[in-house]
Participant: 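Pasting in a structure now, in structure tokens, and then I'll have a few things to ask.
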Amino acid sequence: MTPSEKKQILTLNETLAKEIQIGVIETDHKKSRTIRQFCDTLSHLVPKIRIKQEEGGSNELPAIRLHHGLRYLAVPSGSEILPFVEALHLLDSNKAQVDESLNARVKKITLPTNLVVYVSAQCKLCSEVVRQLLPLPILNHHILLTVIDGIHFPEVAEKNRVQSVPTVILEGRLRWTGTLQVDEIINVMVSGDPKALGPVSLEMLLKEGRASELAEMMLKAQEIFPAFYEVLVHPKWPVRLGAMVVMDELIEKNLDLALQTLKPLWGRFFEVDNRVKGDLMYVFGAMGQKEIIPWLETVINGESDAEVKEAARETLNTLKK
């Protein structure tokens, strides 16, 4: 951390009104230690900032979680420091000073919304874009904003085909590059199509206990949302449980719609771990279709682990009865 960066952070000692806590998500990623060191330095420079260690899952990336709606996959430096400091001020006051009309429109967003902005420490325009977006998760708890430094996480930037910064991506499909009109993004979020919700937003929906609402949205659309398959095979049990609750409701209210998931889920079966396979067996059994009997026999007679074979046998017995 440079003397100039430390100077900007030290201003927090004079301006923070209360003690605040931020989380650091640690994983086995090579940048995890660097992010932890930054947080330790931050807490040392500003004693009012408390660091809470959070263990990340095997598929997670290390991050700084300022609050439930704002994460940094970055080690803030250079032009990133100022908006990061402003984010801490927002966390301290829990208020965002924005235009009333903007505030009113943001509050109309009722579905979880995943917003990602890619930045770099050398990009001067990036700081202004981040500063425009920072108030959104404060104004509406449905919004998750993730700031990603593409230099620190090139594999993520490459996966999402990010070639320049700043780049803002909404639900993994709509993107803006360069100068940002935040009004345009808000308009898209307010009038968003639930079928376009990405897996992160569906995960947020399930964590909020809104499984029935998700089921009703798909029943109304008469369509299985593409991202729904991602939460059905999610590595975290609570997320899968929520998705299975959705499946139970679909099976009860519209079996034909639920049956649309059969072949896609079977196509993913051998790609997921054993715990997920066991849950998929439950879903297959709940749909009660004899056409899956050959699939179950493939598992039973194949090279799957004993626990998976046992789950397949139980599902087969259920179908035969």
Side-chain angles (χ1 to χ4, degrees), residues 57-59 111-112 114 159-161 171-173 192-207 210-321:
S58 59
N59 65 324
L111 292 175
N114 182 36
K159 178 181 178 181
N160 289 286
R161 305 186 306 281
E171 293 301 338
R173 61 185 185 94
D193 182 352
K195 290 184 290 187
L197 291 174
V200 173
S201 292
L202 293 190
E203 180 181 342
M204 291 167 63
L205 202 63
L206 295 173
K207 286 181 176 179
R210 299 166 69 185
S212 290
E213 185 177 338
L214 175 55
E216 287 301 323
M217 285 190 286
M218 290 195 284
L219 287 166
K220 183 178 180 180
Q222 288 293 293
E223 182 179 342
I224 301 297
F225 297 168
F228 182 60
Y229 296 103
E230 300 299 326
V231 291
L232 267 173
V233 298
H234 198 281
K236 288 186 177 179
W237 162 242
V239 178
R240 292 200 310 279
L241 177 61
M244 290 162 68
V245 170
V246 174
M247 281 301 304
D248 285 340
E249 194 161 332
L250 294 180
I251 291 167
E252 178 184 349
K253 295 182 177 180
N254 189 333
L255 180 58
D256 287 340
L257 179 61
L259 291 177
Q260 293 180 17
T261 66
L262 268 179
K263 290 184 179 179
L265 289 177
W266 176 247
R268 294 169 179 247
F269 185 82
F270 292 101
E271 300 172 0
V272 298
D273 67 30
N274 291 338
R275 293 170 299 174
V276 179
K277 287 175 181 173
D279 292 337
L280 290 181
M281 284 297 172
Y282 166 82
V283 173
F284 291 158
M287 286 189 272
Q289 301 300 299
K290 291 184 178 180
E291 68 181 82
I292 73 166
I293 289 177
W295 301 352
L296 301 176
E297 292 173 340
T298 297
V299 175
I300 293 168
N301 298 321
E303 298 180 356
S304 297
D305 287 359
E307 61 188 274
V308 177
K309 289 186 177 184
E310 182 58 29
R313 290 189 188 95
E314 291 177 3
T315 302
L316 182 59
N317 290 335
T318 299
L319 291 178
K320 287 182 177 180
K321 288 178 182 177

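Here the structure is a predicted model, which means the values were calculated and not measured.
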Participant: Looking at every non-hydrogen atom in both residues, tell me the closest pair between Q289 and L259 and how far apart they are.
Facilitator: CG-CD2, 3.3 Å
Participant: Mind checking whether L205 and M217 have side chains closer than 4.5 Å, heavy atoms only?
Facilitator: yes
Participant: Is any NZ, NE, NH1 or NH2 atom of the basic residue among E171 and K195 found under 4.0 Å from an Asp or Glu carboxylate oxygen of the other?
Facilitator: no
Participant: Show your reasoning for whether side-chain contact (heavy atoms from CB on, under 4.5 Å) applies to N254 and Q222.
Facilitator: CA-CA 9 Å; N254 189 333; Q222 288 293 293; 3.3 Å; yes
Participant: How far apart are the closest heavy atoms of G242 and A211, and which atoms are they?
Facilitator: O-CB, 3.8 Å
Participant: For the pair K277 and E307, find out whether any cationic side-chain nitrogen is under 4.0 Å from an anionic carboxylate oxygen.
Facilitator: no
Participant: Under 4.5 Å between any side-chain heavy atoms of L206 and E203, yes or no?
Facilitator: no
Participant: Hey, does F228 have a side-chain heavy atom less than 4.5 Å from the side chain of L197?
Facilitator: no
Participant: Taking side chain as C-beta onward, heavy atoms only, is K290 less than 4.5 Å from L319?
Facilitator: no
Participant: Do the non-hydrogen side-chain atoms of D248 and E252 ever get within less than 4.5 Å of each other?
Facilitator: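 Not in contact.
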Participant: Between N114 and S201, what is the shortest heavy-atom contact and its length?
Facilitator: N-OG, 3.2 Å
Participant: To the closest 0.5 Å, what do you measure between CD1 (I224) and CG (L219)?
Facilitator: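 I224 atom CD1 to L219 atom CG measures 8.0 Å (nearest 0.5 Å).
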Participant: What closest approach, in Å, do A311 and M281 show between heavy atoms, and which atom pair accounts for it?
Facilitator: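 Answer, listing the atom of A311 first, then M281: CB-CG, 4.0 Å.
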Participant: Measure across V231 and P199 and return the closest heavy-atom pair with its distance rounded to 0.1 Å.
Facilitator: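 Looks like CG1-O, 3.8 Å.
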Participant: Just say parallel, tilted or perpendicular for the rings of F284 and W295, cut-offs at 30° and 60°.
Facilitator: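 Rings of F284 and W295: perpendicular, over 60°.
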Participant: May I ask you to test the L202-E230 pair for a side-chain heavy-atom distance under 4.5 Å?
Facilitator: no
Participant: Restricting to non-hydrogen atoms, name the atom on M287 and the atom on L255 that form the minimum distance, rounded to 0.1 Å.
Facilitator: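 Answer, listing the atom of M287 first, then L255: O-CD1, 4.2 Å.
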Participant: Is any side-chain heavy atom of E291 closer than 4.5 Å to a side-chain heavy atom of L262?
Facilitator: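 A side-chain contact under 4.5 Å exists here.
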Participant: Measuring from atom CD1 of I251 to atom CG of L257, what distance do you get when rounded to the nearest 0.5 angstrom?
Facilitator: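 Rounded to the nearest 0.5 Å, the CD1-CG separation comes to 10.5 Å.
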Participant: So, do R210 and L111 sit near enough that their side-chain heavy atoms are less than 4.5 Å apart?
Facilitator: yes
